[in-house]
Each structure stands twice: as structure tokens, then as C-alpha cells.
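First the proteins, then the strands, lettered A, B, ... as listed; each starts at 1. Bear in mind that the values here come from a model prediction, so they are computed numbers and not experimental data.
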Amino acid sequence: MLRGAAQAPGAPLPQLHENRCPTDPSSPVSPRPPTGMMHIGTARTALFNWLYARHTGGKFLLRIEDTDRERSTAEAVQVIFDGLKWLGLEADEAPVFQAGRADRHRAAVDQMLARGSAYRDYMTPEELEAERELARAEGRVIRSPWRDLSPNDAPDRPFVVRLKAPLDGETVIDDQVKGEVRFQNQNLDDLILLRTDGTPTYNLAVVVDDHEMGVTHVIRGDDHLNNAARQTLIYQGLGWAAPVWAHLPLIHGPDGAKLSKRHGAQAVSEFDAMGYLPEAMRNYLAKLGWGHGDDEIFSDEQAIAWFDIKDVVSAPARLDWDKLNHLNNHYIRLAEPARLAGLVVDIHKSRDLKVREAALPVLERTIPLVRDGAKTMLELADATVFVLKHRPLELPEKVQGLLTEETRGRLSRLRDRLADEADWAVPALEQSIRGFAEAEGVGIGKFGPALRGVLSGGSPAPDLAGTLVSLGKDESLGRLNDALSDGA
RNA sequence: GGUCCCUUCGUCUAUCGAGUUAGGACGCCAGGUUUUCAACCUGGAGAGAGGGGUUCGACUCCCCUAGGGACUGCCA
């Protein structure tokens with residue numbers, strides 16, 4: 001939905017409350033090749049934009065900022081789409097590719113040139129470098145001599161087009177989370193709008209696209225706060241009204257430093273691979289930098305109803321794995337077993353474990369029994385391997401050590417009792433086991449560990465009755481028989 | 001170097017000048033429960049970076065210092 005560039009200067013912002021999600025199609029850290037990842041910080045920015053759009057009834061828009069052609073690849077873009085989809089944040093309209101709008105960007109620059117709010121700068125790279133050093137030494141911003149020269153003096157050589165920013169006065173950003181931020185214009189340089197090859201730069205493209213896409217609220221990372229001032233100057237140069245700004249604090253690693261590889265993960269795909277559920281990520285990310293009183297766990301609907309940019313915290317937050325795990329566990333307990341079973345199968349398969357179709361229902365009835373302790377889907381997968389093993393099970397030494405003469409006798413008597421059990425369900429089996437212990441005149445501790453070991457092959461398993469139910473009567477008895485006949 | 005942002009328990013945060021032992025959550029510690037690992041129950045320790053102001057009164061407003069961070073590209 002392009003509104004066209006012809007909006008009158010100073011006209012009121014449309015009441016659409018549209019947002020955009022600024023997204024980097026390539027890695028901001030390593031120049032090339034694109035690392036093809038969607039940073040967790042980008043994901044949270046997207047989440048806040050999404051929450052705000054849903055809350056206000058506006059639109060959640062996606063724009064791929066690929067004005068740097070070299071670093072933008074189809075794969076990198078796909079990673080972004082996949083990441084947003086996994087997180088459950090899909091844009092309301094087709095994504096806009098910035099690179100495809102270069103003509104609009106250039107048209108805007110023509111306007112500025114005509115209005116005198118931009119100029120051609122013929123400085124050579126060497127001259128620029130010298131000026132940069134000098135400016136830094138003098139503690140000021142770069143200034144080009146071409147700013148005030150007449151076009152008639154133009155030499156015949158490549159040029160960039162720069163913004164002709166005001167030299168004095170101040171630019172005030174009324175940021176929704178930072179409050180009023182003031183910049184002295186003398187500290188703001190004439191940023192490049194068009195490169196030597198005529199292609200638009202990011203700062204120009206963002207302004208033009210936001211304006212023409214009808215973006216009213218720009219919610220983005222803290223790292224753009226300085227840019228907001230400079231972009232405001234571009235809006236002024238174009239005679240357009242600036243949008244409402246909201247700059248989110250960054251997410252740091254557990255140690256407070258910038259989030260990086262050594263913190264475990266930075267890409268949303270990695271969180272997926274580590275077994276985190278998207279709804280847990282949404283809840284966690286929402287709580288990171290925003291909150292609604294003491295509410296810790298909430299649904300998307302609640303988050304949407306409660307979300308307000310003004311409640312966003314202004315300090316950077318650290319990624320806390322313990323808390324993420326806790327939330328993930330909470331959502332694993334809430335999820336449909338069938339869905340979890342599917343995810344668990346995928347994990348087992350990726351670990352080269354053969355999973356037959358018939359295992360799905362078995363998994364489905366096992367999951368509710370073992371999910372309470374699972375912090376991630378990976379752990380849930382670990383907790384369910386016992387059910388997927390093939391007979392005869394290999395018993396680890398620890399289990400074999402439990403199988404003394406006495407215990408074997410006991411287990412065999414228990415086997416007979418279980419074989420007669422008609423009601424193969426947790427309550428009945430619990431009673432049966434307890435009754436058996438009584439009949440034997442011993443505590444469950446006398447045979448429980450051995451029974452568990454025989455049934456699970458030493459892998460983690462739920463309580464005894466649960467394990468029996470998970471396995472089913474035939475498989476349980478079979479495993480018992482295997483162990484009792486083996487070496488007997 | 002310059003500009004800008006940030007600073008409450010270990011972590012995320014509540015408290016939006018005067019009802020507080022500064023609340024909650026995760027984590028942690030202790031105890032309970034117990035057929036593994038968990039889960040679960042009970043209890044506990046734990047914070048306003050430092051220094052100045054403003055005010056009858058400050059965690060809350062202002063200034064300074066310290067410490068973190070972002071930007072300072074013909075990257076985004």
C-alpha cells in the first residue's frame with residue numbers, strides 16, 4: 001500500500017498505525033558471505049512491532065533492507081522469512097524489497113537537489129579520508145567543501161549526493177521509550193544519500209520507504225537512535241513529517257556483553273534447534289524489555305491486549321537461559337501431546353534413531369507422563385527414548401547388578417501378577433504394584449529400581465506404573481521376560 | 001576522541017515523591033515427599049552504582065563521577 005510521495009508537508013500522519021519491521025537480510029557482523037541468520041534481537045524487534053500493530057489494529061509490515069546488494073542473498077532473505085514464520089509472526093502484506101525501489105529513492109533525491117536540501121559532493125576518497133582524520137582530531141563532524149560551492153564549479157569526476165544538513169540549531173527526537181533526546185545539529189554530518197554509482201544508501205531508502213509505505217511508527221533497535229536524528233533531517237529536507245519513533249534497548253548475553261556466538265545462540269533457528277517452542281520464545285522475548293506488572297506467563301492475546309510502547313523498559317536486558325527454560329517447560333506442559341510427539345519424532349530421526357510409524361501413538365501417551373521435567377524438546381526426546389528401544393534390550397551393568405537371585409524371583413512373581421492384570425492403566429497398576437510389595441512383605445525400593453531398569457534399559461523413565469502404561473502390556477511383559485530368561 | 005543511550009536482589013522486573021520489612025518471577029540455599037531423573041510442597045538468603053543537590057519527604061526529579069552500551073562507512 002504505497003501512499004505516494006505527494007503528501008503535503010506537515011500533513012497529519014494517517015491514523016493507520018502501521019509499523020514496519022526493519023530487518024537486516026545479512027549479518028551485521030561479518031561482511032561476507034552472509035551468515036544467513038536472523039538474530040534474536042531482530043526477532044524481538046519484530047515481536048514488539050507485531051504486538052503493537054495487533055494492539056492498535058494497525059498493520060505489521062516487513063521490509064527487506066537489501067540496499068547493499070553484495071551482502072544480500074536469496075538464502076539470507078529466506079532465513080528471515082523462515083524465522084518469522086517459525087515465531088508465528090507473519091506480515092500482513094507482501095514484503096517490500098528495498099533494492100527494487102531505487103528509482104523512488106533517486107526521485108526523492110532529485111527533489112532534494114531541487115529544493116537545495118542536498119548537494120553533489122566531488123571529494124575524492126583520499127580527500128574524504130584526510131577530512132575524516134582531521135575532523136576526528138578536531139572533535140567535529142565531517143564537512144565537505146562542495147557543500148557551498150556552485151554546481152558550475154563541478155569537475156568532471158564521480159560524485160556522491162549528500163544531505164545538506166543544518167549547521168546549527170537542534171534536532172529533537174521524541175522517542176516513545178527513551179523520552180526526549182536532543183542532538184545539536186553541528187554534531188550531525190551530511191550523510192550520503194546516493195553513492196558514486198547512483199545507488200541509494202540505507203538512511204535515504206528508509207526514509208523514502210517509510211513515508212511511501214505509510215509507516216506511522218518506527219519501532220526498532222537502540223542502535224538506530226542516532227540515525228533517528230539524521231533521518232529526521234532527511235524528512236525535513238524532503239518536507240515530510242517524521243514518524244513516531246521508538247527505540248528498543250538491545251539484548252545482551254548473560255554476561256552483559258553484546259550477544260555473540262559464545263553465549264550459545266543468537267539466531268532464532270538455533271533456538272528452534274535447541275528445542276524451544278515458539279510460544280515460549282514469544283512469551284520470554286516479550287518479557288525481555290517489556291512487562292505488565294507482575295505477570296510472568298501470558299498468552300498472545302493477553303500480550304496484545306496489554307502491550308504499550310510506553311511500558312517498554314529503557315535499559316538493555318540480558319538473555320537468561322534459566323528463565324527461558326522455565327517458560328519453555330511451562331509451554332511444553334501445556335502443548336498437545338500429538339504436536340509434541342511429532343516434534344520428538346523429528347528430533348529422534350535427526351539423531352539417526354529409527355522410528356517406526358507405530359511409535360507415534362506410543363509417544364503420544366508417554367509424553368504426558370514425562371514432560372514435567374523437560375526444559376526443552378531435546379530433553380523431552382531424551383525422556384522418551386526408553387519407549388522406542390527394540391527388544392531384547394541391552395541392560396547396562398548397573399541394572400544387571402540389581403538382578404540378584406532374590407530380585408529375579410521377585411520380578412518373576414510380579415510378572416505373573418501383571419500378566420493377569422486386566423486394567424492396564426496407571427491407577428490399577430499402581431495399586432497392583434503396591435499390593436505386590438505388601439504381599440512380598442517388602443518396600444517398593446526392594447524391586448522398583450530393578451523393574452525400572454529392566455523396562456527402560458537404563459534410560460530415564462517415568463514412575464513404574466507410568467512406564468508400564470507407556471510401553472503397553474505386551475511390550476512390558478516382553479521386556480520383563482527377556483531379562484528374566486536371559487542368563488537364568 | 002566526539003555524539004547519544006543505559007544503571008533496583010545473580011538475572012528479568014514492580015514500585016510511576018510520602019500507605020511497604022522495596023513486591024513478583026527465574027535461579028540459588030535448606031527442609032519435606034520419593035521406585036531413577038525430574039516434578040511437587042514448605043521455608044530462607046538476596047537490590048535502589050557512588051557523591052552532591054531539589055523537597056517537609058526520593059529508588060522515584062536535577063547535576064557530577066564511575067561503569068556498561070550504541071553510533072561515528074559510498075554497512076544496515
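Ion pair A:D222/A:K178 flagged as a salt bridge, since at least one NZ, NE, NH1 or NH2 atom sits closer than 4.0 Å to an Asp/Glu carboxylate oxygen.
Residue A:R318 places no side-chain atom within donor-acceptor reach of the base of B:U11, judged by atom type and a 3.5 Å distance cut-off alone. Applying the 3.5 Å distance criterion, the base of B:A39 shares no donor-acceptor pair with the side chain of A:N329. Looking at A:N187, its side chain has no donor and acceptor atom pair within 3.5 Å of the base of B:G2. Contact annotation: side chain of A:K287 to base of B:C12, donor-acceptor pair absent below 3.5 Å.
Checked against B:A76, B:C6, B:G10, the side chain of A:A315 finds its nearest nucleotide in B:C6. Set against B:A76, B:A14, B:C26, the side chain of A:D294 has B:A14 as its closest nucleotide. Listed candidates were B:U3, B:C74, B:A76. Nearest to the side chain of A:I192 is B:C74. The side chain of A:L250 lies closest to B:A70 when the candidates are B:U13, B:C5, B:A70.
A:D255 places its CG atom 13 Å from the C1' atom of B:G69, with the value rounded to the nearest Å. The distance between atom CD of A:Q231 and atom P of B:C4, rounded to the nearest whole Å, is 18 Å. Distance CD1 (A:I251) to P (B:C5): 22 Å, rounded to an integer number of Å. The nearest whole Å value for the distance from the CD1 atom in A:I40 to the C1' atom in B:C12 is 15 Å.
Within 4.0 Å of A:L225, counting heavy atoms only, lie sugar-phosphate atoms of the nucleic acid but no base atom. Counting any heavy atom pair closer than 4.0 Å across all strands shown, A:R434 reaches no nucleic acid atom. In this structure, A:D322 reaches the sugar-phosphate backbone alone: every heavy-atom distance under 4.0 Å involves primed, P, OP1 or OP2 atoms, never a base.
A:W245 pairs with exactly one of A:I219, A:V177, A:D174, A:T232 by the side-chain contact (heavy atoms from CB on, under 4.5 Å) rule, that one being A:T232. Of the options A:R230, A:R120, A:R147, a salt bridge (Lys or Arg N to Asp or Glu O under 4.0 Å) to A:D190 is made by A:R147 and by none of the others.
B:U54 is unpaired under the Watson-Crick or G-U wobble criterion, no partner having all donor-acceptor distances under 3.5 Å. Using the Watson-Crick or G-U wobble rule with both distances under 3.5 Å, B:U36 pairs with nothing in any strand shown. The partner of B:A30, taking Watson-Crick or G-U wobble pairs whose two distances both stay under 3.5 Å, is B:U42.
Proximity of the aromatic rings of A:Y284 and A:Y276 is defined here by a centroid distance below 6.0 angstrom, and this criterion is not met.
Ring stacking holds between A:H224 and B:A76, with the centres under 5.5 Å apart and the planes within 30 degrees of each other.
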